[in-house]
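One structure is given below, encoded as structure tokens.
All chains are named by letter (A, B, ...) in the order of the sequence lines, taking the proteins before the strands, and each is independently numbered beginning at 1. Remember, it's a predicted structure, so these values are computed and weren't measured experimentally.
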Amino acid sequence: MKTVVHWFRKGLRIHDNPALRHAVDLVLENPNETVLRPIFILDPGIRETLLVGPNRWRFLQESLAELDENLKIINSRLYVVRGNAVDVLARLFKEWNVTTITWEYDIEPFSVKRDGHVEKIAHDFGVNVVIEKSHTIYDHEEIIKKNRGKPTLTYNSFLSIAATCEISPPLDPPNKLPKGISTFMDKDEKRDSHCYDVPSLSELGVSPTDCGPHKFPGGETEALLRMEAHLERTNYICTFEKPNTSPNSLEPSTTVLSPYLKFGCLSSRLFFKRLNEVTAGKKHSQPPVSLAGQLIWRDFYYCVASCTPNFDKMKGNPVCIQIPWGTNEQHLEAWRNGQTGYPFIDAIMRQLKQEGWIHHLARHAVACFLTRGDLWISWEEGKKVFEEYLLDADWALNAGNWMWLSASAFYYQYYRVYSPISFGKKTDKEGKYIKKYVPELKNYPAGIIFEPWKASKAEQKKYGCVIGEDYPERLVIHDDAKDINMEKMKKAYAKNRETKAGTSKPVKEENDDEDTKRKSTTKIKSPPKKVVKKK
DNA sequence: TTCGAGTTGAATGT
DNA sequence: ACATTCAACTCGAA
């Protein structure tokens, strides 16, 4: 008996899964001599080093359980194998008599390295490797090639190149395998027929009491139901404009399909196609603000991340402006735990930790606060916290968005700073969101709940929450911190320009440098438009 | 080399 | 609800 293996990593779905379909079709060509083994590899050794909080472990567990169910529909099942991927596959290639292994291509450096190892081992064992791209809408190698070998650094340039690319149509789930075909049991299964079962929460080291409210269950079926429910809201889909959605509504103002896209429970190509079907022939919003535009943002970040070294770091990252961030362990912990003394910021951070999802604009507010706005702490620290708590934590998007918000890449208007007081007021005058997630402030009236330090001591006592005792004092005074940090950003940008000019043009013009310095420190209302060029 | 555009700023006007 | 001002960034098209 021969075995065809499909290796699930991301892409935890049976719909629009070309690598899975390829494996199934191979088995269907020769069903009497070949069996299908769809596997997921769980590495207990790596679990300690991964930044995954309880909520995301639960999401993964549920996604695997549903994947197993959905594979049973095509008369297969999921085999969860415990161990290190390279070791496990080297062993199984032999024990299972594997002829072909298929998987979905992934850009993350960890995956690229691991997959390279596996490919080499497969070659040694004479196993065919079939790799399909299906995690994003576009083929980014094609986009990079059309952009003269470089990643696009703006959305619009990505969009214009993407418009010239073909999109593969999403595939249906694979055909069913014949029922009751001869299968085989390996020696582990003979010893323990449950050895490949989907892990329980406790096997993943998670107790249900560690998890927050169960708002977003994992899995492909859940993903498709959620998508279709949103697609029925034609007006919502057609008028959707991301910047106009609320970061602090009590029920999400956006679809919350991101965790499903992250794990590949939902195909981005399918969602993209369905969105276009709903908006076709109707007046509708456009990228970048539309819903389809949101999916293109995802592709944008995947594309640049796929070809940028050290994309998740500042140092050695060619797209990232070098900024001399400070360190402050106390401030970082206060931010992480929602104890900054700014109710809007703290409410967001507590929602994140409890529920694993916060609105995109809420992410903006807290990310700006941690980095260039208030605390002057590196975006890499914030990225780690998001990586742990977010259900949708996605390597490329997380790093890309942190660079955006800290004005380290893609976004350069560092003088536009979110106010931790007024930004949230626009969409939640009453402060209902704050009252939910920072309940110690629940008796504060609308006018003052965004800045409770303004209440007199007597009022604070009356409201049952004294600032500095029952709720923390502000870590920094925003209006002061913002000005100091903006100056630091200005200097960092200037230095970055110098470095850039130095690497491309070795000859340095000293006089011009002096001019720039003077201009940047003195305020000139209307500098003369025409500057005499020195040669 | 120049210049317009950039998903989502805040404060202060009308 | 929308316009203006604030002070000023980089990318990429022209």
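Nucleic acid contact for A/Asn244: none, since no nucleic acid atom lies under 4.0 Å from a heavy atom of the residue. Counting any heavy atom pair closer than 4.0 Å across all strands shown, A/Glu241 reaches no nucleic acid atom.
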Margin query: Determine whether A/Trp335 and A/Phe369 satisfy the following criterion, ring pair (Phe, Tyr, Trp, His ring centres under 6.0 Å), listing intermediate values before the conclusion.
Written below: CA-CA 9 Å; A/Trp335 177 81; A/Phe369 186 88; 8.3 Å; no

Check: Run the ring pair (Phe, Tyr, Trp, His ring centres under 6.0 Å) check on A/Tyr342 and A/Trp453 step by step: do they pass?
Finding: CA-CA 9 Å; A/Tyr342 285 92; A/Trp453 55 86; 5.3 Å; yes

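For A/Ala305, the side chain to side chain contact (heavy atoms under 4.5 Å, CB included) test picks out A/Ile107, A/Phe311, A/Trp395, A/Ala396, with sequence neighbours left out. A/Tyr302 is linked by a side chain to side chain donor-acceptor pair (under 3.5 Å) to A/Lys10, A/His135, A/Asp394, counting only residues two or more places apart in sequence or in another chain. Residues that satisfy the side chain to side chain contact (heavy atoms under 4.5 Å, CB included) test with A/Asn248, not counting sequence neighbours, are A/Ser246, A/Phe344, A/Thr427, A/Asp428, A/Tyr433. Under the rule for a side chain to side chain donor-acceptor pair (under 3.5 Å), the partners of A/Gln294 that lie at least two apart in sequence or sit in another chain are A/Lys242.
Side-chain N or O atoms of A/Asn485 include one that pairs as donor or acceptor with a backbone N or O of A/Ala481 at under 3.5 Å. Remark: the backbone N or O of A/Leu390 is paired with a side-chain donor or acceptor of A/Arg56 at under 3.5 angstrom. Between the side chain of A/Asp299 and the main chain of A/Tyr138, a donor-acceptor pair closer than 3.5 Å is present. The backbone N or O of A/Met314 lies less than 3.5 Å from a partner atom in the side chain of A/Gln322, making a donor-acceptor pair. Remark: side-chain polar atoms of A/Asp312 are not paired, donor with acceptor, to backbone N or O of A/Ala399 under 3.5 angstrom. At distances below 3.5 Å, not a single donor-acceptor pair connects side-chain atoms of A/Glu387 with backbone N or O atoms of A/Leu51.
When the C1' atom is used for both B/dG4 and C/dA8, the distance is 14 Å, rounded to whole Å. Comparing C/dT10 with B/dA10, their C1' atoms sit 22 Å apart, to the nearest whole Å. Comparing the C1' positions of B/dT8 and C/dG12 gives a spacing of 22 Å, expressed to the nearest Å.
A/Phe59 has its ring centre less than 6.0 Å from the ring centre of A/Phe263.
One side chain, A/Asn401 or A/Tyr301, offers a donor N or O that lies under 3.5 Å from an acceptor on the other. A donor atom on one side chain and an acceptor atom on the other are found under 3.5 Å apart for A/His214 and A/Glu62. With no hydrogens or angles considered, no side-chain donor-acceptor pair links A/Thr152 and A/Asn147 at under 3.5 Å.
Note on ring orientation: taking the six-membered ring where Trp is involved, the planes of A/Tyr463 and A/Tyr444 are tilted (angle from 30° to 60°). The aromatic rings of A/Tyr418 and A/His364 sit perpendicular to each other, their planes meeting at more than 60°, with 30° as the lower class boundary.
The only option from A/Trp379, A/Trp325, A/Tyr415 that meets the side-chain contact (heavy atoms from CB on, under 4.5 Å) definition with A/Arg372 turns out to be A/Trp325.
Residue pairs that meet the ring-ring contact (aromatic ring centres under 6.0 Å, His included) test with at least one member in residues 466-491 of chain A, sequence neighbours left out, do not exist here.
Atom pair A/Lys242:NZ and B/dG6:P shows a separation of 18 Å (rounding to whole Å applied). Put simply, CZ on A/Phe410 is 12 Å from P on B/dT7, counting in whole angstrom units. The interatomic distance linking A/Glu487 (CD) with C/dC9 (C1') rounds to 14 Å, in whole Å. If you take CD of A/Gln322 and P of C/dC9, they are 19 Å apart, rounded to a whole angstrom. Atom pair A/Asn401:CG and B/dT8:P shows a separation of 14 Å (rounding to whole Å applied). Between the OH atom of A/Tyr155 and the C1' atom of B/dT7 there is a distance of 8 Å, given to the nearest Å.
With pairs defined as Watson-Crick or G-U wobble and both atom distances under 3.5 Å, the stems of at least three pairs that touch DNA chain C come out as B:1-6 with C:9-14, B:9-14 with C:1-6.
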At a cut-off of 3.5 Å, list every protein nitrogen or oxygen paired with a nitrogen or oxygen from nucleotides 1-4 of chain C, distance to 0.1 Å.
none

Write down the protein N/O and nucleotide N/O pairs, taken from nucleotides 10-14 of chain C, whose separation is under 3.5 Å; answer none if there are no such pairs.
from, atom 1, to, atom 2, distance (Å)
C/dT10, OP1, A/Arg497, NH1, 3.0
C/dT10, OP2, A/Arg497, NH1, 3.4
C/dC11, OP1, A/Lys500, NZ, 3.4
C/dC11, OP2, A/Lys500, NZ, 3.0
C/dG12, OP1, A/Leu153, N, 3.2

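Against DNA chain B, the stretch residues 352-386 of chain A makes heavy-atom approaches under 4.0 Å through A/His360, A/Leu361, A/His364. At a non-hydrogen distance threshold of 4.0 Å, A/Pro288, A/Val289 from residues 274-293 of chain A come into contact with DNA chain B. Shown for residues 306-320 of chain A: no residue has heavy atoms falling under 4.0 angstrom of DNA chain C.
Contact between the side-chain N/O atoms of A/Lys490 and the OP1/OP2 oxygens of C/dA8 is found at a separation under 4.0 Å.
Within a 6.0 Å radius of NZ in A/Lys429, other residues, nucleotides and ligands contribute 12 heavy atoms or fewer.
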Next item on the list: Do nucleotides 9-14 of chain B as a string where each nucleotide becomes B, S or -: B if the base has a protein heavy atom under 4.0 Å, S if just the sugar-phosphate does, - if no protein is that close.
Entry: BSS---

